[in-house]
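Letters A, B, ... mirror the listed sequences (proteins, then strands); counts begin at 1.
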Amino acid sequence: MSESKYNHAEVEAKWQEKWNETNLYKQVIDHSKPKHYALTMLPYPSGDLHIGHWYAMSPSDARARFMRMNGYNVLFPMGFDAFGLPAENAAIKHNINPRKWTYANIERMRKQLQSMGTMFDWEREAISCDPKYYKWSQWFFKKLYEHGLAYRKMSAVDFCPSCNTTLAREQVWGDDRHCERCGTPVIKKNLEQWFFKTTKYAEELLDFSQIDWPEPVKVMQKNWIGRSEGAEVVFRTEQGDEIPVFTTRPDTLWGATFMVLSPEHPFVEKVTTPEQATAVAEYQEQAARLTDIDRESEGRPKTGVFTGGYAVNPVNGERIPIWIADYVLMSYGFGAIMAVPAHDERDFEFARKFGLSIVPVILPEEMESIETDEMETAYVGLGKMINSGPLDDTAVTNDKGRQNPSVAAAIDFLEEHDIGQETINYKLRDWLISRQRYWGAPIPMVYCDNCGTVPIPDEELPVLLPEDSEFAPTGESPLKTSPSFYETTCPSCQGKAIRETDTLDGFLCSSWYQYRYLSPDYDEGPFDPTEAAYWLPVDQYTGGIEHATMHLIYTRFFTMAIRDMGLVNFTEPMTALFNQGMVLGPDGEKMSKSRGNVVSPDNLVEQYGADTVRTYLMFFARWEQGGPWNYDGIKGPQRLLFDVWDVARAEYTAVSESPSATRDLRRKTHQTIRKMTQDLESFAFNTAVAAIMEQRNVIKAAQEKQEASVEAMDEAIDSLLLVVAPIAPYITEELWALRGHGYSIHQQSWPSWDEEIAREESITLILQVNGKVRDRMEVPADIADEAAKEAALASENVQSHLNGKTPRKVIYVPGRLVNVVV
RNA sequence: GGGGCGGUGGCGAAAUGGCAGACGCAGCGGACUUAAAAUCCGCCGGAGGAAUACUCCGUGUGGGUUCGACUCCCACCCGCCCUACCA
């Protein structure tokens with residue numbers, strides 16, 4: 001049929017050049033069209049693009065192209081999240097300056113991204129390690145500081161002894177609490193660190209009413225934020241120090257028979273008696289040596305030491321011992337608990353082990369009395385309060401917080417007596433943003449003996465990374481090796497001062513990249529307000545679900561914070577989100593360099609061409625599902641595109657034209673347009689490709705038979721090219737031109753369908769008896785209810801399965817089936 | 001322990017509560033070819049059956065709702081991922 005085969009290398013090179021020359025993908029403000037800001041998560045420039053990048057980006061690109069053909073003015077930018085650990089570790093390994101290494105990678109990856117045939121507007125590219133970018137990351141840090149959202153404090157942080165750096169909570173992985181990068185078990189270390197007050201927005205972050213995000217992401221964020229309703233209760237030591245605790249069960253307060261402090265609790269030294277000092281110090285040392293896995297694994301027997309000190313239970317004046325134990329974490333609540341062994345498993349185990357007293361204060365409904373000695377485990381169920389003075393007999397239900405009568409009564413009691421109050425506690429912690437690393441944006445602060453902590457004035461931004469610093473980790477911040485960097489003068493008093501030598505967490509840079517894309521060269525502010533007014537917020541975000549609890553919380557927090565500064569006028573950065581699944585390695589495991597199962601697309605792209613690889617990636621799995629990589633099926637999409645090439649170039653004549661053949665072809669054509677529209681709208685790329693294949697099959701058969709009209713064939717081919725264009729942009733552009741249409745196919749309108757033409761004339765009616773298929777027959781699609789039922793009862797097979805019984809009920813499901821019930 | 005996602009042919013998968021397996025891959029048989037590749041035609045969940053007649057079984061397991069369940073409900077098993085002594 002065709003003389004020349006499709007040469008993907010030639011065609012792709014040709015159109016890439018033409019697209020560049022003609023600025024086909026330049027995206028500018030156009031008030032005559034509705035805007036659509038399509039955003040896909042930007043990559044780390046840590047090497048080459050792997051198949052996962054293609055899997056994430058080419059369907060996103062197809063969606064953006066689809067929106068453009070549907071009349072939207074689409075912004076679809078790309079950039080590089082170029083700061084942070086992955087880039088730096090790789091640079092260290094290759095013994096080359098992180099900047100040179102990063103930019104070399106960016107060069108390569110940008111080419112690979114272009115070869116993918118994406119419609120990215122490269123004039124909007126933003127690179128987070130570029131001084132003109134991080135100037136504004138630093139500016140935002142200052143803004144957060146000025147608005148009381150950034151503070152510095154001494155803090156025990158997760159520390160990787162191998163990478164020599166602190167880690168964010170999110171960078172500590174796995175059951176054994178290991179370093180995300182190198183797998184080394186994490187230890188604790190105390191350092192002075194900068195934090196952002198993410199907790200201030202904990203409540204608002206729980207409100208998802210303004211966003212159309214996948215349910216799993218919302219649930220994961222909700223769990224991550226971890227809201228608990230309860231009470232803060234102030235206990236007092238015998239020395240008179242106040243020790244507040246958080247509890248979700250203030251109704252068990254009368255059963256608090258001892259207190260437990262975290263070994264790192266600041267009051268430990270104060271409450272410890274001289275006799276116990278040695279034991280306490282030893283225990284603290286031992287706890288500090290343990291990694292969190294050892295401390296936090298649930299099956300591990302409880303350990304702890306008595307401090308010798310006592311506190312007073314504020315509700316009943318009981319003198320209760322104060323212990324320290326590593327099952328109490330400094331990082332949650334107040335780092336101290338009231339222990340109610342009768343009604344908490346952990347406290348029960350601890351009390352039994354160390355012979356501490358157990359006082360039940362909840363009587364289970366079905367019991368007359370509850371005896372401590374007979375308890376084999378803590379009782380966590382419902383019942384009524386006992387041994388609780390004025391609150392005795394209050395009902396205890398399973399409800400949370402004030403919904404529970406006993407909790408409500410206890411809170412009222414606390415507040416009346418001024419010993420505590422209702423509180424909500426969150427698992428969410430403030431965002432630690434200090435990094436003892438070279439490859440990040442320097443934190444723009446100086447420390448002056450006279451003036452204290454002073455921000456760098458705006459006109460002196462950016463604080464540039466020094467070139468003369470060591471960048472390999474030494475345990476100290478690398479910038480401490482550069483006196484020319486840290487020795488400075490105080491912006492306030494002009495006296496000698498020292499710069500902050502830590503750098504910003506890369507997640508800060510990626511919290512606002514969607515804003516920098518608007519105007520990557522703009523220097524009057526972080527983004528051009530004119531661009532922002534038109535494009536923001538992001539209409540459709542796409543990316544992996546693995547970012548559910550870090551990036552996607554950070555960027556929401558960031559946007560809420562800058563909204564409160566008046567920098568933007570919306571709350572949510574991304575209105576809609578779609579999560580694609582992950583392409584796993586061929587072994588079914590997550591791809592990683594350490595596992596050696598990373599798949600490069602380069603060979604495939606060379607052999608099959610970008611269009612085929614794109615089409616295959618969209619076909620090979622449900623997009624939100626992903627799965628283990630294999631390319632066994634790539635021949636399918638390859639044959640599909642070869643066939644498209646052949647049918648679109650065929651000289652077609654209708655040898656024996658028949659109206660019904662024409663009608664059949666047109667019906668399938670319009671059905672395909674409808675299906676493609678619905679599927680691309682809903683990210684169902686795999687069934688979209690299947691629909692193209694069906695249309696291909698129909699067109700091939702029609703060309704064979706030569707019965708459909710030339711007009712119907714032209715319509716079939718042209719609309720096929722249009723609906724395939726977002727998926728396979730090169731081959732369709734070439735064929736569009738070969739068929740004599742104007743440049744470019746990607747600027748055409750999405751084809752519309754006619755329901756009348758798409759409608760089926762006849763259907764296969766399924767005939768069931770008692771829900772089992774017994775016969776089927778071709779009937780007109782618009783068959784009436786009665787006619788369908790009659791036809792069903794007339795069927796021999798149906799009659800034979802009725803065994804002479806009288807139908808009790810006959811159900812007709814229009815267009816589908818008749819079910820005869822006996 | 002908590003949470004999320006999933007379990008359908010040899011494989012990837014499809015299916016507003018309505019014909020389970022669309023669309024592909026691989027495989028098998030045939031055509032073309034000196035041969036292979038490519039291409040084309042046919043078959044392709046299991047069992048019985050000469051059969052494109054028909055029948056039975058079949059979407060992790062067991063129940064339930066329904067005229068009808070891959071789909072909804074309850075209980076459980078398995079796999080993957082996240083989280084975890086969260087007071």
**Asked** Among B/U16, B/C86, B/C25, which is the nearest nucleotide to the side chain of A/Lys635?
**Response** B/C25
**Message:** Taking the minimum atom-to-atom distance to the side chain of A/Ile811, which one of B/U55, B/C67, B/C86 wins?
**Reply:** B/C67
**Asked** Charged N to carboxylate O below 4.0 Å: is that the case for A/Asp785 and A/Lys789?
**Response** yes
**Request:** Between B/G46 and B/U59, how far apart are the P atoms? Round to whole Å, please.
**Result:** 15 Å
**Message:** Can you check the distance between B/U71 and B/G17, where both ends of the measurement are the C1' atom (answer in whole Å)?
**Reply:** 7 Å
**Request:** To the nearest 0.5 angstrom, please state how far the CZ atom of A/Phe208 sits from the CD atom of A/Gln221.
**Result:** 4.5 Å
Nearest-Å distance for atom pair [atom1]/[atom2], residues [X] and [N]:
{"X": "A/Leu617", "N": "B/G12", "atom1": "CG", "atom2": "C1'", "value": "13 Å"}
{"X": "A/Leu329", "N": "B/A87", "atom1": "CG", "atom2": "C1'", "value": "9 Å"}
{"X": "A/Lys772", "N": "B/U55", "atom1": "NZ", "atom2": "P", "value": "10 Å"}
{"X": "A/His265", "N": "B/A87", "atom1": "NE2", "atom2": "P", "value": "17 Å"}

Are OP1 or OP2 of [N] and a side-chain N or O of [X] less than 4.0 angstrom apart?
{"X": "A/Arg639", "N": "B/C40", "answer": "no"}
{"X": "A/Thr687", "N": "B/A13", "answer": "no"}
{"X": "A/Asn697", "N": "B/G24", "answer": "yes"}
{"X": "A/Arg622", "N": "B/U8", "answer": "no"}
{"X": "A/Lys700", "N": "B/C40", "answer": "yes"}
{"X": "A/Arg808", "N": "B/C67", "answer": "no"}
{"X": "A/His343", "N": "B/A87", "answer": "no"}
{"X": "A/Asn686", "N": "B/A14", "answer": "yes"}
{"X": "A/Arg346", "N": "B/C86", "answer": "yes"}
{"X": "A/Arg696", "N": "B/G24", "answer": "yes"}

Just to be sure I understand the rule, does [X] reach a base, reach only the sugar-phosphate, or reach nothing, if contact means heavy atoms closer than 4.0 Å?
{"X": "A/Arg227", "answer": "nothing"}
{"X": "A/His547", "answer": "nothing"}
{"X": "A/Phe619", "answer": "base"}
{"X": "A/Phe620", "answer": "sugar-phosphate"}
{"X": "A/Val219", "answer": "sugar-phosphate"}
{"X": "A/Asn819", "answer": "base"}
{"X": "A/Glu345", "answer": "nothing"}

**Asked** What class does the angle between the rings of A/Tyr327 and A/Phe350 fall in, given that below 30° is parallel, 30 to 60° is tilted and above 60° is perpendicular?
**Response** tilted
**Asked** Parallel under 30°, tilted from 30 to 60°, perpendicular over 60°: which one fits the rings of A/Tyr6 and A/Phe642?
**Response** perpendicular
**Message:** I'd like to check A/Leu253 versus A/Leu414 (side-chain heavy atoms, cut-off strictly below 4.5 Å). Are they in contact?
**Reply:** yes
**In B/G9, glycosidic geometry as syn within 90° of 0 or anti otherwise** = syn
**Ring-ring centroid check A/Phe246 A/Phe334, cutoff 6.0 Å** = no
